[in-house]
Structures are given as C-alpha cells and as structure tokens.
Protein chains: 2
Amino acid sequence: MVAAPSFLIADDHPMVRDALASALGQAFHGAEIVMASTLAQVQAALEREPETDALLLDLDMPGMDGLTGVALLRSEHPIVPIIVVSAAREAAVVRRAYEFGASAYIDKSAPLEEIVGTVGAVLDGEIFAPPEAEPADSFAQRAARLTPQQWRVLAFMVQGDQNKQIAHKLGVGEATVKAHVTVILRKLGVRSRTQAVIEARSLAIPVAEPVRP
Amino acid sequence: MVAAPSFLIADDHPMVRDALASALGQAFHGAEIVMASTLAQVQAALEREPETDALLLDLDMPGMDGLTGVALLRSEHPIVPIIVVSAAREAAVVRRAYEFGASAYIDKSAPLEEIVGTVGAVLDGEIFAPPEAEPADSFAQRAARLTPQQWRVLAFMVQGDQNKQIAHKLGVGEATVKAHVTVILRKLGVRSRTQAVIEARSLAIPVAEPVRP
DNA sequence: GCCACAATCAGACCAAAGTCGAAGGCCTGA
DNA sequence: TCAGGCCTTCGACTTTGGTCTGATTGTGGC
C-alpha cells in the first residue's frame, strides 16, 4: 500500500466524481486527488503527473469513444494503472477493457466499500486479470500493436475526421497522417478507412438505449 | 421553500445516490431523505410517505423501462413532483419526460450547484418547462427520406463495402452507386462516407436487405 | 397527357484516401 | 561505438471517393 497515494479521477459527471473523490479521500488519508472530465484533461493531467498511482477512468466521457481512449492512454502511459469505471457491465466490454491493459474494472452500481477495496488492491500491485486469455486473433489483439501516435490518429478517424483535420489537430503534415493511416489499416487487417472505423467503433460502449413510448 | 423538505432519491448507483443525498442534505438543513434503488422500492416508499416534497428519479433503473415508469408513478401519485435525473440528454427523452408529467429534468453531468438550484425551484412550485420544442432535426428523421435503393446502398456502406463492390452486389454500375452516395450524404447532412457510416451505425440500422433478383 | 421522381449511366473533374520509398531521431544490445 | 530496429515524419504517386452536368427510362398520380 502506498503511504500517500495520488489519484486521477476522470468522469464527466460531477456527482460521480465527487462521490469517488470523497470516498477515496476518506479511505486513503493524505491522498492527492486530481479531477478530469474529458479525455484531453486526462492526458494533460498525466503529462503533468506521470507518477499517478491510479487512474479511475469512466468510459462514457467526451472524447473517449469507448475503449479506444483506454488504449490511447495505455500506449501513452504504460505504467499508470488504469481502473475502468463504467455503468456497462457487459462481459464483452469488461473483457476488452482487460485486453487493452486495464488493471481493474469497477461497476458504477457497486457499493462504495467495494470500490475502495478494489482501488486498494490495485495500489498493492494486484492486477485483476481476466479469467482467461481470448482466442488468438481478436481485433483487440491486432489493435493493441498500434503505437501512441497511431492511436491518436485512429481516435480522430473514429470521430469522422478527415486526414487534413487530423493533421491540423496533431500539428503534423497531411502526408504524415496518411502514412499512419496506411500502417493502421495494415495492422488492423482491413482495407479501408471505413472498415477500420467500423471495427474500432464496435469496441465502444453501447450508449443510451432509445426510450420506448 | 419548504422549511424541512422530504426527498426520495431513486437511483441504482450508490455513488450517485450518496452524492445527491449529501448535496441535498447540506443545501436543505433538516431535510428528510429516503433512498430507493428499484421501482418497487420507490412505490413502497411513496406508499408510506405520500407527502414527499420531491422525487429524484433516475431513468436507467431496474423495473423502470425508460419513461414508462415515470408515467406509472405519476398516475399513482399525481401530487408528488418528479424530477427526472438521467445521463441521456437527448431532446426526445427530455421532451417525453415532460409529457409524462415530470416537473424538471436534470442532467447527471450538471454541476451539483445547478442540481440543488433546480430542486429548490421545484420545491417553490416551479415547473421547469422545456426551453423550447426543438425543430426535431434528428438523424433518424433525415434518414427516413432515403429511397429503397439508397437504403440498400447505405446498408452496404455500413458494412464497409466500397462503391465497386456495392455496384457488383446490386448489379448496377459504379457511377450509379456514386450518384446514390452523393444523394445519401446530402440527405443525411454529412460530408463524407465515414461520417455517414458512423451516424448510421449509431442507429443500429438493420442490414442485409435481400439483393434484387 | 403531363408531371414529379426514382433509378440508371457517362464523362469530366477535383478532393480525399491510400501506397511506396526514404530520411532523421531515438533507444538498445553487441 | 556502431549496427539494427522502431517511431515519426514527409513528398511523390496511384486509387478511390464524391460532385456536376446532362441524359434516358419507367412508374404512379392528377
């Protein structure tokens, strides 16, 4: 157990954020707690404080696009333990979260004591491994070989951005983005940008089921 | 404003529940706060305490089935003000919530001060009417104007097919497919094939139209 | 018969996507 | 220290995507 752990709590719901913060603050005295409500803020916070002991990450957050964001953060900061916090308890999502390098998975519906316990276990170095390794050639596995910059490019592709826009947002030339896209397509085993987006999107969390009248 | 108001907080997430409870407890001193995590518990609590000043109701809760639960509670207890709390900020959901008799709608992403302010306003008897009936320009509505053949083309686009492949599968020329794509993009209000696919997939468009003989 | 529209296609044209080869930086192990 | 690998960057080139003009055919409604 770390003496005075530092947490980064990422959730766009102030309620959830505050609840987690106060729970962790009580359970881990002297803990340093940083908040974030967008993927960009998470990246900035990790840039300032790469030694963060645990990142509590909500999946349904602006810019995250489901598990794509997890993989992105993972490739940028391989050391920081990521604890995925989500309301989607579907087995597929949970399994994929682990495939992408998450250290633990917490259901938002869980009681706070359980959440605190899981966080403590992660601080102690425990990795909540998934029950079993998945069958060989999953998309997630192929995707896991992407470099940080390639993940960033893919994240923008998934949002529907064009190469020119991505180049501008990343501050590089369009030719560079194109080169990244080529490698991404090869690594994912698809033949077009559209197919890559389709597959990557299938990793995202299914949101907000439509209401029946 | 009621001197010592009584609240019923209904949410299946302990975190959200506690956060709401502590926020309301601080803002309204002496408030009586009851919790519930299922629709059945909400009904039981209202049976015991029909004079509750405000019901904060989460939509994604066991037994709720979306907004039908709101209507049910409304018919059972026409007096109790219902404040719908949800993460789904879609205009259609909000509008329907008011149609079903909700007194206010709170987004889970809103800051706690705003939530407290809204609750206070409801206690004062205010009904938060929806800001305006929005012009209803949903993607689904735009998509509804597609012709049968355009739907087929879109279905193949969503699967990641290229124009040439689509042309072959439909038994028409590539120029024809391109023409259809152009119209589809315009009707959907997007600027690229990829964006169209992203939006279409978010609606879970039924694929696999039988190919014309 | 006339009109509106769906569906088909061609040819030209520009923009976006994707491929290939290559260069420089960085780290690592021999 | 040097070789080799990997990441990132980019320019030149080819392919695909998408628009526009314009045209032909068939269908259903008024």
Side-chain angles (χ1 to χ4, degrees), chain A residues 43 47 50 68 71-79 101 141-201, chain B residues 142-201 209-213:
Chain A
Q43 292 176 299
E47 211 58 46
T68 314
L72 172 60
L73 292 172
R74 191 100 217 96
S75 63
E76 284 181 358
H77 302 274
I79 308 107
Q141 209 167 3
R142 280 172 278 153
R145 320 188 109 162
L146 296 183
T147 68
Q149 191 74 330
Q150 285 162 7
W151 272 113
R152 284 187 272 269
V153 171
L154 178 59
F156 286 120
M157 288 170 63
V158 166
Q159 292 175 1
D161 285 348
Q162 307 188 130
N163 291 337
K164 200 179 297 184
Q165 302 175 274
I166 299 175
H168 180 257
K169 291 179 179 177
L170 288 179
V172 299
E174 187 181 354
T176 304
V177 175
K178 288 182 177 181
H180 284 310
V181 171
T182 295
V183 179
I184 290 172
L185 296 187
R186 223 200 314 273
K187 284 187 177 176
L188 298 188
V190 297
R191 284 175 53 259
S192 75
R193 157 184 299 249
T194 303
Q195 288 178 1
V197 169
I198 290 170
E199 293 234 41
R201 281 236 149 202
Chain B
R142 280 173 276 153
R145 321 190 100 165
L146 295 182
T147 67
Q149 190 74 329
Q150 285 161 7
W151 274 111
R152 291 185 201 105
V153 172
L154 179 59
F156 286 119
M157 288 169 61
V158 166
Q159 291 176 355
D161 286 347
Q162 305 190 135
N163 291 338
K164 201 178 297 183
Q165 300 175 277
I166 299 175
H168 180 257
K169 291 179 180 177
L170 289 179
V172 300
E174 187 180 351
T176 305
V177 175
K178 284 185 176 183
H180 283 311
V181 171
T182 295
V183 179
I184 290 171
L185 297 186
R186 221 199 315 274
K187 282 186 177 177
L188 297 188
V190 297
R191 287 176 54 256
S192 74
R193 163 188 296 259
T194 302
Q195 288 177 2
V197 169
I198 290 172
E199 293 230 42
R201 284 188 79 90
E209 282 269 348
V211 179
R212 190 189 55 176

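Each chain gets a letter, A, B and so on, in the order the sequences are listed, and its residues count up from 1. Values below: every heavy atom of this structure, side chains too, minus hydrogens, waters and symmetry copies.
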Starting the side chain at C-beta, find the nucleotide from [options] nearest to [X].
X	options	value
A:Ala179	D:dC10, C:dT19, C:dC9	D:dC10
B:Lys178	D:dT9, D:dG17, C:dA17	D:dG17
B:Gln149	C:dT8, C:dT19, D:dG17	C:dT8
A:Thr147	C:dA17, D:dG17, D:dC7	D:dC7
A:Ala175	D:dG11, C:dG18, D:dG17	D:dG11
A:His180	C:dT8, D:dT8, C:dG18	D:dT8
A:Val172	D:dC10, C:dG18, C:dT8	D:dC10

Length of the [atom1]-[atom2] vector between [X] and [N], whole Å:
X	N	atom1	atom2	answer
A:Ile184	C:dT19	CD1	P	11 Å
A:Glu76	D:dC7	CD	C1'	14 Å
B:Arg152	C:dA6	CZ	P	14 Å
A:Leu154	D:dC7	CG	P	16 Å
B:Gln150	C:dC5	CD	C1'	11 Å
A:Lys187	C:dG18	NZ	P	17 Å
A:Leu185	C:dA17	CG	P	11 Å
A:Gln195	C:dA17	CD	P	15 Å

Got a second to check how far [X]'s [atom1] is from [Y]'s [atom2], nearest 0.5 Å?
X	Y	atom1	atom2	answer
A:His180	A:Lys187	NE2	NZ	10.0 Å
A:Lys178	A:Ile166	NZ	CD1	12.0 Å
A:Gln150	A:Leu72	CD	CG	12.0 Å
B:Lys169	B:Lys164	NZ	NZ	14.0 Å

For the pair B:Gln195 (side chain) and B:Arg191 (backbone), establish whether a donor and an acceptor sit closer than 3.5 Å, ignoring hydrogens and angles.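 Side chain of B:Gln195 to backbone of B:Arg191, a donor-acceptor pair under 3.5 Å: yes, one is there.
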Using a 3.5 Å distance criterion without hydrogens, assess whether the side chain of A:Gln159 forms a donor-acceptor pair with backbone atoms of A:Phe156.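 Side chain of A:Gln159 to backbone of A:Phe156: no pair is present.
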So do the side chains of [X] and [Y] get within less than 4.5 Å of each other, counting heavy atoms only?
X	Y	answer
A:His77	A:Glu47	yes
B:Glu199	B:Leu188	no
B:Val197	A:Val197	no
A:Met157	B:Thr194	no

Establish, with yes or no, whether the OP1 or OP2 oxygen of [N] is under 4.0 angstrom from a side-chain nitrogen or oxygen of [X].
X	N	result
A:Arg193	C:dA16	no
B:Arg186	D:dC20	yes
A:Thr182	C:dT19	yes
A:Thr176	D:dT8	no

What bend angle does the helix from C:dG1-D:dC30 to C:dA30-D:dT1 show across its length, from five-pair end axes and to the nearest 10 degrees?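 What I find for the helix from C:dG1-D:dC30 to C:dA30-D:dT1 is an axis angle of 30°.
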Residues touching DNA chain D, which here means a heavy atom under 4.0 Å, drawn from residues 155-167 of chain A: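 Per residue number, the list is empty: none.
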Does B:Arg191 reach a base, just sugar-phosphate, or nothing at all? Heavy atoms under 4.0 Å.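 Nothing, no heavy atom under 4.0 Å.
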